[in-house]
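Here, residue 1 is the first one in the sequence, and each next residue gets the next number.
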Amino acid sequence: MAAGTVTSQPPARPVGLMSAGFFVVVFAGSVTQWREGTDAFGLDTDAKRFGRLLFQPLLVMWTLWSTDASG
């Protein structure tokens, strides 16, 4: 049996990069939602939608940092 199939944890770096990439794609959708004024997920004002935009880059940075995928 290969050693890779015995471990219970996935490799952190690839998972971190994929997660950060997902959050970047979601950010693009959030920008569109803010610009078009689309209500969803309890975000029913421009201020709430814009506030979410401020925190999404932090989520990407935190994901890269916590999985050692930043460098």
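Under a hydrophobic clustering in which Ile, Leu, Val, Met, Phe, Trp and Tyr are joined whenever their side-chain heavy atoms come within less than 4.5 Å, directly or via other members, W62 and L17 fall into the same cluster. In this structure, L64 is not a member of the same hydrophobic cluster as V15, with clusters built from ILVMFWY side-chain heavy atoms closer than 4.5 Å. Clustering ILVMFWY residues whenever any of their side-chain heavy atoms sit less than 4.5 angstrom apart, transitively, puts F55 in the very cluster that holds M61.
Contact detail for G16 and T63: the closest heavy-atom pair is O-CG2, 3.7 Å. Annotation for A40 and Q33: closest pair CB-NE2, 3.3 Å, computed over non-hydrogen atoms.
Applying the ring pair (Phe, Tyr, Trp, His ring centres under 6.0 Å) test to F22 and every residue at least two apart in sequence or in another chain returns nothing. With sequence neighbours left out, L53 forms a side-chain contact (heavy atoms from CB on, under 4.5 Å) with F27, S30, V31, W34, F50, Q56. Every residue was checked against the side chain to side chain donor-acceptor pair (under 3.5 Å) condition with S19, not counting sequence neighbours, and none meets it.
R49 places a side-chain N or O within donor-acceptor distance of the main-chain N or O of T38, the cut-off being under 3.5 Å.
Separation of atoms CG (D46) and CZ (R35) is listed at 12.0 Å; rounding is to 0.5 Å.
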